[in-house]
Protein chains: 2
Amino acid sequence: MHTPDQRFYAGEFRHFIDEKNRITIPARWRRGDAEEFIILPEAAHQFLLVMSPEEFSRMSASAESDPNVSARDRRIFFRQLHSRAQHSVADKQGRLVLPEDLCKKVGLKGEVVLVGGRGRFEIWNLQRRKRAHEEETPTYQHVANVIGL
Amino acid sequence: MHTPDQRFYAGEFRHFIDEKNRITIPARWRRGDAEEFIILPEAAHQFLLVMSPEEFSRMSASAESDPNVSARDRRIFFRQLHSRAQHSVADKQGRLVLPEDLCKKVGLKGEVVLVGGRGRFEIWNLQRRKRAHEEETPTYQHVANVIGL
DNA sequence: CCATTTTTCCCCACTTTTAACCACCTTCCA
DNA sequence: TGGAAGGTGGTTAAAAGTGGGGAAAAATGG
């Protein structure tokens, strides 16, 4: 249930993107020096998705095999997917350089929120995150009730 | 029926959260040094839930497979779940640092109540716990009667 | 192909926060 | 009644987060 590269990002952190578009990855989320990441904007440009290359591969593989997607759609999807994704390596201080264009797309500047999500994490604009979180809360509470959390 | 990491927390303890948001885990509940825990607020922000990463995984797995939850709701649920949960490790004295924001959410400060509950335990605000306990007592007694306890 | 400008990235430095460690007091039990 | 264990408080050293300078690399233009 826990492969070696299977990361687990949990919690929420507020950090700053500096003048050089660098953002510190929470220390608890780091595994070692010069960690590699794939960065891509979420489909609706609501936030940035960050994950390891392995997680990216897993995600791609699952898209590859989904029976609900036609071969044609799949081809188009992968073309866009790989053009949107960017590769980045953390520096010795554990910071990631976020590509300027991706930041613009999802409205990232100054203080942002890093949100853990299993094998990946998200980077959100502060206000947008607040709104989305509030919108999702009723659903969360509903499911929590159902499963008896 | 008892896997190695399957814990059983029983009883109720009154402890103090200090200036640094540390709380001592009851000695009887400790298993070893540097024990790991996942901390998350209960859905209605009534108290904090504390459990081992294994217990957290089990709980996640049960949500994963529940047939009463739609795929969409499930996705939202997991997003929120992982953003709310925080990872923490006990120090050599058996104390846990509780994240400030989580304490605020459920109104924890100074003296609190630790309540055992199967594989996890709860941390309550004193008054709130008292009220909730009184409200739940009739139900408890009713069921106890039914099952002949 | 070389010179110049721009960008990237590596490293150092500072401040704040975290966590490791030590010390004390109280309680429980032999 | 003394020793050990449990709970709490505080000090100090380490780590985390942030900012910035300068070398290396890349892009640009003649």
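Quick caveat, the model's predicted, so the values are computed rather than measured. Naming convention: chains lettered A, B, ... in sequence-line order (proteins, then strands); numbering from 1 in each chain. The figures here come from the full heavy-atom set of this structure, side chains too, leaving out hydrogens, waters and symmetry mates.
The one candidate from A/Arg128, A/Lys105, A/Arg129 that meets the side chain to side chain contact (heavy atoms under 4.5 Å, CB included) condition with A/Gln46 is A/Arg128. Of the listed residues (A/Leu126, A/Asn125, A/Ile23, A/Leu48), just one forms a side chain to side chain contact (heavy atoms under 4.5 Å, CB included) with A/Val112, and that residue is A/Ile23.
The CG atom of B/Asp91 sits 18 Å away from the P atom of D/dT12 (whole-angstrom rounding). Rounded to a whole Å, the NZ atom of A/Lys92 is 13 Å from the P atom of C/dA13. Between A/Leu96 atom CG and C/dT8 atom P the separation is 14 Å, expressed in whole Å. The separation between B/Asp33 atom CG and D/dA5 atom P is 14 Å, rounded to whole Å. With rounding to whole Å, A/Glu19 atom CD is found 7 Å from D/dG20 atom P. For the pair A/Glu36 CD and C/dC9 P, the interatomic distance rounds to 13 Å; values are reported in whole Å. Distance CZ (A/Phe16) to P (C/dT15): 17 Å, rounded to an integer number of Å. Atom CG in A/Asp18 sits roughly 12 Å away from atom C1' in C/dC9 (whole-Å rounding).
Regarding contacts with the backbone of D/dT8, a side-chain N or O of B/Thr24 is found under 4.0 angstrom from either OP1 or OP2.
Atom NE2 of A/His142 has 12 or fewer neighbouring heavy atoms from other residues, nucleotides or ligands inside a 6.0 Å radius.
At the heavy-atom level, A/Ile25 lies under 4.0 Å from the strands shown only through sugar-phosphate atoms. Among the heavy atoms of the strands, none lies under 4.0 Å from B/Arg14.
Between A/Lys20 and B/Ala90, the residue whose closest nucleotide on DNA chain C is further toward the 5' end is A/Lys20. Nearest-nucleotide positions on DNA chain D place B/His15 closer to the 5' end than the other of B/His15 and A/Gln93.
Here the side chain of A/Arg95 is nearest to one of D/dT8, D/dG17, D/dT18, namely D/dT18.
Interface remark: the A/Arg22 side chain does not form any donor-acceptor pair with the D/dG17 base, using a distance-only criterion of under 3.5 Å. Applying the 3.5 Å distance criterion, the base of D/dG6 shares no donor-acceptor pair with the side chain of B/Arg28.
Proximity of B/His133 to B/Tyr140: side-chain heavy atoms (C-beta onward) are nowhere separated by under 4.5 Å. With contacts defined as side-chain heavy-atom distances shorter than 4.5 Å, the pair B/Val97/B/Lys20 does not qualify.
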